[in-house]
Amino acid sequence: MTFGGFASPVFLAPMAGVTDRPFRQILTACGKGNMYAEMAAINALQRKNPKSWQIADVRPENYPVVVQLVGNDAGLFAEAAKLVADLGARSLDINMGCPVKKIVNNESGSALMKDMPRAAKIIEAVVKATPLSVSVKFRKGWDNEHINAVPFAKMCEESGASYITIHGRTRAQGYSGEADWNIIKAVKESVKIPVIGNGDIDSPQKARQRMQESGVDGVMIGRAVLGNPWLLSQTHEYLLHGTLPAEPTVGQIKETLLKHLYLLMEYYGEKAGIAVSRKHVGWYVRSLYEAKKFREQYTKLTDFETAEKLINDYFAGLE
Ligand SMILES: Cc1cc2nc3c(=O)[nH]c(=O)nc-3n(C[C@H](O)[C@H](O)[C@H](O)COP(=O)(O)O)c2cc1C
């Protein structure tokens, strides 16, 4: 069930502002699953923009990471492809699915689904420039009047992509409505390269059902992993061995949250680390007692010591 040297059919979805190194470290500590970084813009990488550089530099990590690039110029893509190999990427993904205005206005992300010749040129240039395996992540199409995932998948294959990931929504849908797994199945049936299905998977059981129905080679999970880093590994175990690992205890949630906080401090420094930690803290505790009150208190604080104390006090109150 695995392919391309990946150790698992379960993939973390790339999520800008979320799947940074601390998040990946937490997920790998929780068990199995393949890691994706956040998207990095090729023109920012060329300018050596420190934030984009930090995103693309995965050398210190001792597990494989897929680095995703976004942009619209084949020449710049080729340059960036060489760079990410030097910066430790295990594999390279091209973002042709991002729906964000700033990105599509720049003819990047999902806008490339409207320009197949340019998309093909980019994929070919990247494949030629790097020894890494190259994948493409895209959507069902631009909108309901322009659903072209199947021809787009074939174009990716012909252009040299090693595997593809399809999110079963149009650009116009953003993240609303339901992911269409029929189109994912149609994509799987139209190409020989491995296909990863993506959209609305929130449990190991759903992952298995979707895989069986669509025939995809792997699944990618995004939003359901927020605050639940155990889900990737649980899904891996269920798909490969049919076993469902126990849900984490409140003690394990606390331990993981604190570890995540320490990693964020180390990676971003105190001020930015605390800022990034706010959303994660909210996700970790959302189903716990008086989470709203705790979140409100946490949002106001700005230093590590108070953050650590507040977390310890909150969890002590839960015992
Ligand atoms: C906060 C956030 C950031 C995202 N950033 C990216 C990104 O950088 N690159 C990308 O290809 N997709 C990005 N996505 C889309 C996800 O990778 C995924 O395709 C989408 O969330 C659907 O999967 P899900 O239903 O499992 O969440 C992002 C999604 C979210 C919610």
Side-chain angles (χ1 to χ4, degrees), residues 4-8 11-30 33-98 100 102-103 106 108-109 122 125-137 162-163 165 220 222 225 229 232 259-277 279-280:
F6 289 107
S8 173
F11 291 76
L12 168 67
M15 287 182 279
V18 180
T19 56
D20 53 16
R21 185 182 304 155
F23 192 72
R24 297 192 294 271
Q25 287 172 314
I26 287 294
L27 259 76
T28 45
C30 289
N34 308 304
M35 296 298 122
Y36 264 66
E38 309 161 79
M39 64 178 168
I42 53 170
N43 33 9
L45 275 178
Q46 197 207 25
R47 290 196 310 271
K48 294 198 166 51
N49 171 287
K51 186 152 188 278
S52 303
W53 197 272
Q54 189 181 33
I55 287 173
D57 186 359
V58 298
R59 283 172 297 181
E61 289 163 79
N62 60 0
Y63 43 82
V65 181
V66 183
V67 170
Q68 188 188 59
L69 296 176
V70 66
N72 72 350
D73 181 89
L76 268 190
F77 253 111
E79 290 303 312
K82 287 181 196 141
L83 178 68
V84 297
D86 292 342
L87 292 179
R90 154 71 173 71
S91 179
L92 193 162
D93 186 69
I94 305 175
N95 182 328
M96 296 195 178
C98 183
V100 173
K102 206 175 94 185
I103 301 285
N106 206 16
S108 306
I122 289 172
V126 172
V127 169
K128 207 168 141 202
T130 178
L132 300 178
S133 63
V134 175
S135 59
V136 184
K137 181 167 178 280
S162 298
Y163 70 95
T165 303
M220 178 176 272
V225 178
L232 278 199
K259 191 166 156 199
H260 200 156
L261 179 66
Y262 303 145
L263 289 167
L264 288 169
M265 295 298 115
E266 200 179 288
Y267 188 66
Y268 290 111
E270 186 172 25
K271 192 163 171 255
I274 289 289
V276 176
S277 76
K279 59 189 167 201
H280 289 287

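By convention here, the first residue in the shown sequence is residue 1. Side chains included, hydrogens not; waters and symmetry mates left out as well; all remaining heavy atoms used.
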- Matching residue for L264 among I274, I26, D20 - test: side chain to side chain contact (heavy atoms under 4.5 Å, CB included):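 The residue from I274, I26, D20 that satisfies side chain to side chain contact (heavy atoms under 4.5 Å, CB included) with L264 turns out to be D20.
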- Member of D86, V84, L87, V67 meeting the side chain to side chain contact (heavy atoms under 4.5 Å, CB included) criterion with D57: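 Only match with D57 under side chain to side chain contact (heavy atoms under 4.5 Å, CB included): L87.
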Quick check: closest heavy atoms across [X] and [Y], and the distance to 0.1 Å?
| X | Y | value |
| --- | --- | --- |
| G222 | A13 | CA-CB, 3.5 Å |
| A80 | L45 | CB-CD1, 4.3 Å |
| A129 | K82 | O-CG, 3.6 Å |
| C30 | P229 | CB-O, 3.7 Å |

Atom [atom1] in [X], atom [atom2] in [Y]: separation rounded to 0.5 Å?
| X | Y | atom1 | atom2 | result |
| --- | --- | --- | --- | --- |
| I42 | L69 | CD1 | CG | 7.0 Å |
| R24 | E61 | CZ | CD | 4.0 Å |
| Y268 | S277 | OH | OG | 11.0 Å |
| E79 | N43 | CD | CG | 13.0 Å |
| Q46 | D73 | CD | CG | 8.5 Å |

Keeping the roles fixed (side chain from [X], backbone from [Y]), state whether a donor-acceptor pair exists under 3.5 Å.
| X | Y | answer |
| --- | --- | --- |
| T130 | V126 | no |
| R21 | Y267 | no |
| E38 | G17 | yes |
| S108 | N106 | yes |
| K51 | A40 | no |

- Message: My understanding is that only residues two or more places apart in sequence, or in another chain, count here; which of them pass side-chain hydrogen bond (donor to acceptor under 3.5 Å, both in side chains) with R47?
- Response: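 Checked R47 against side-chain hydrogen bond (donor to acceptor under 3.5 Å, both in side chains); zero matches.
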Compare all side-chain heavy atoms of [X] with those of [Y] and state whether any distance is below 4.5 angstrom.
| X | Y | value |
| --- | --- | --- |
| L232 | M35 | yes |
| S91 | L132 | no |
| L263 | F23 | no |
| Y262 | P22 | no |
| K137 | N95 | no |

- Query: Should M265 and L261 be marked as a side-chain contact (heavy atoms from CB on, under 4.5 Å) after you check the CA-CA gap, both sets of side-chain angles, and the distance that decides it?
  - Reply: CA-CA 6 Å; M265 295 298 115; L261 179 66; 3.7 Å; yes
- Task: For the pair V134 and I94, evaluate side-chain contact (heavy atoms from CB on, under 4.5 Å) and give the outcome as yes or no after the intermediate values.
- Result: CA-CA 8 Å; V134 175; I94 305 175; 3.9 Å; yes
- Assess R90 against Y63: is NZ or CZ under 6.0 Å from the centre of the six-membered ring, and within 45 degrees of the ring's axis?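 Judged by the rule (NZ or CZ under 6.0 Å from the ring centre, within 45° of its axis), R90 is not positioned above Y63.
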- Message: Quick one, L92 with V66, criterion side-chain contact (heavy atoms from CB on, under 4.5 Å). Give me CA distance, side-chain angles, the key distance, then yes/no.
- Response: CA-CA 6 Å; L92 193 162; V66 183; 6.0 Å; no
- Consider only side-chain N and O atoms of S135 and S162, and report whether a donor and an acceptor are under 3.5 Å apart.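 No - no donor-acceptor pair under 3.5 Å links their side chains.
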- Task: Take V70 and M96 through the test side-chain contact (heavy atoms from CB on, under 4.5 Å) and record every step on the way to the result.
- Result: CA-CA 8 Å; V70 66; M96 296 195 178; over 6 Å; no
- Plane angle bin for F11 and Y36 - parallel if under 30°, tilted between 30 and 60°, otherwise perpendicular: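 Rings of Y36 and F11: perpendicular, as their planes differ by over 60°.
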